[in-house]
Structures are given as C-alpha cells and as structure tokens.
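Residue numbers start at 1 and run along the sequence shown. Just so you know, these numbers use all the heavy atoms, side chains as well, and skip hydrogens, waters and symmetry mates.
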Amino acid sequence: SSHVTGPVSIDIDSKAIAAEGQADAPAVVEHHDEPSIRVVIIGNGAAGMSAAEHLRRRDPRAKITVISDEGFHFYNRIGIGRLVHGRSAMQGLSLLEESWFEQQRIDVWLNTRVSTIDREAKTIVLATGETESYDALVLATGASAWQPKVPGIALDGSFVLRSAEDAM
C-alpha cells in the first residue's frame, strides 16, 4: 500500500469551482505546442477522470497524463459483478470511448504503476524506472476494501470484488 509522508497541501479555488458550470468542455481540444501546465493524475476511476475532464475544460493547453495500474480505461465499477458470471464484457462497462481521450488530448497510461513520488523534484518514477515531470500532481487512487476477520476469508476463491481484474 502507498502512504504519503511529509507536509501535504490542498489547494481549493472556490471561485473556480463556482464558475465551473459556466463553460462546457470543447468537443475537440485544439493542439498547442507549449503546454501551460503539466499535470499527472494517478488513478483513472471517477475522481481521476473527473479531474482530467475539469482540467481540460479550464485549460485547453494543459498536458494531462493519467496513470493507472489497471488495464482498462475508465469503467463502471458497479457493474463488475456481471463479469463474475460472464454475463458482460468489459466493452459494455466502459464509460468513455477511447476516441474521447484522443479528442481531449489526455494521455492515459494503463498497466502502469508509480513506484516513487519525488515532490521536491516534481517527478514520479514508474515501476519500469522511467520518470515523468509534473507541475501539479493529483492522487486519485481510490480506496481499499477492508476485509472482516471472519472464518474462511482466506480460503481459495474468497476475495474482495474491487476491480474488473478481481471479477475476471
């Protein structure tokens, strides 16, 4: 599990939040050579995708990179139970078309794990050893399910249903 150590600051711009509903996201984001800001979002669930969408709406020039250790684009977690019995395919659970990410110029790195965050250098290090610089970092890694201490919880076939991979 990952833990944050050291001082953490949270910046909430209430004026920007209030104005948020006033502008709709463009259908296709125009390309600009120089990004205004480089944002790395760790996690591609509801919080991560919402952050990416709102950032793009506010700043067409931002370089947005979403990193997820899962192998699937943003999907409906509530529906993953259908995967257990094979009644659904992942395509039916996807919440955004793959073309949406291209249109919005949001880079998504699937099956990618962040191993280290260097806040002073403003870089992340991936499990592969590669690094990525950022101006702003969003941690949207979701929650971990708590497992009760009940007889049989550790038996084969007992697991927490949290991700599509768990269901498959």
Side-chain angles (χ1 to χ4, degrees), residues 1-4 8 10-13 16-17 20-21 23-83 88-119 121-145 160-168:
S1 76
S2 301
H3 298 283
V4 176
V8 175
I10 299 173
D11 182 10
I12 299 176
D13 183 351
I17 292 170
E20 191 171 285
D24 291 327
V28 177
V29 176
E30 295 180 26
H31 176 73
H32 297 277
D33 291 333
E34 190 65 32
S36 58
I37 187 172
R38 297 165 303 166
V39 180
V40 170
I41 300 170
I42 302 174
N44 75 335
M49 288 297 94
S50 180
E53 179 183 14
H54 287 282
L55 177 61
R56 176 54 71 223
R57 185 180 303 153
R58 288 187 189 158
D59 189 347
R61 292 181 35 219
K63 179 183 186 290
I64 304 170
T65 304
V66 176
I67 299 174
S68 175
D69 61 356
E70 289 197 75
F72 305 101
H73 280 292
F74 180 45
Y75 62 90
N76 177 3
R77 286 192 187 273
I78 295 171
I80 61 175
R82 295 182 297 216
L83 295 172
S88 177
M90 275 307 297
Q91 293 82 3
L93 297 179
S94 294
L95 294 172
L96 293 170
E97 297 289 327
E98 196 163 333
S99 62
W100 182 87
F101 298 98
E102 291 176 31
Q103 291 170 347
Q104 297 301 314
R105 288 184 25 256
I106 296 173
D107 295 326
V108 180
W109 301 352
L110 300 175
N111 293 313
T112 305
R113 182 173 285 276
V114 174
S115 62
T116 307
I117 297 171
D118 184 337
R119 292 179 26 231
K122 291 194 169 190
T123 59
I124 58 165
V125 179
L126 305 178
T128 60
E130 298 170 272
T131 62
E132 179 75 10
S133 299
Y134 63 84
D135 297 309
L137 177 66
V138 177
L139 301 177
T141 56
S144 298
V160 175
L161 187 58
R162 172 81 179 116
S163 69
E165 188 174 302
D166 292 339
M168 287 185 225

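- Under the side chain to side chain donor-acceptor pair (under 3.5 Å) criterion, Thr112 pairs with no residue, sequence neighbours left out.
- Taking each heavy atom of Tyr134 and Val40 in turn, the nearest pair found is CB-CG2, 3.8 Å.
- In this structure the side chain of Trp109 never reaches within 4.5 angstrom of the side chain of Val114, judged on heavy atoms.
- Applying the side chain to side chain contact (heavy atoms under 4.5 Å, CB included) criterion to Ala62, with sequence neighbours excluded, gives Ser36, Ile37, Leu55, Arg56, Asp59, Ile64.
- Taking Asp135 as the reference, Arg38 meet the salt bridge (Lys or Arg N to Asp or Glu O under 4.0 Å) condition, with sequence neighbours excluded.
- Contact check for Thr141 versus Asp69: no side-chain heavy atoms found under the 4.5 Å cut-off.
- Residues Ile117 and Leu139 meet the side-chain proximity criterion, which asks for heavy atoms closer than 4.5 Å.
- With rounding to the nearest 0.5 angstrom, the CG atom of Leu137 is 10.0 Å from the NZ atom of Lys122.
- The line from CD1 of Ile67 to CG of Asn111 is 12.5 Å long, rounded to the nearest 0.5 Å.
- There is no side-chain donor-acceptor pair under 3.5 Å between Ser68 and Glu70.
- Not counting sequence neighbours, Thr123 has no partner by the side chain to side chain donor-acceptor pair (under 3.5 Å) test.
- With sequence neighbours excluded, the residues satisfying side chain to side chain contact (heavy atoms under 4.5 Å, CB included) with Thr116 are Val125.
- Residues Val66 and Met49 have side chains in contact (heavy-atom distance under 4.5 Å, counting atoms from C-beta outward).
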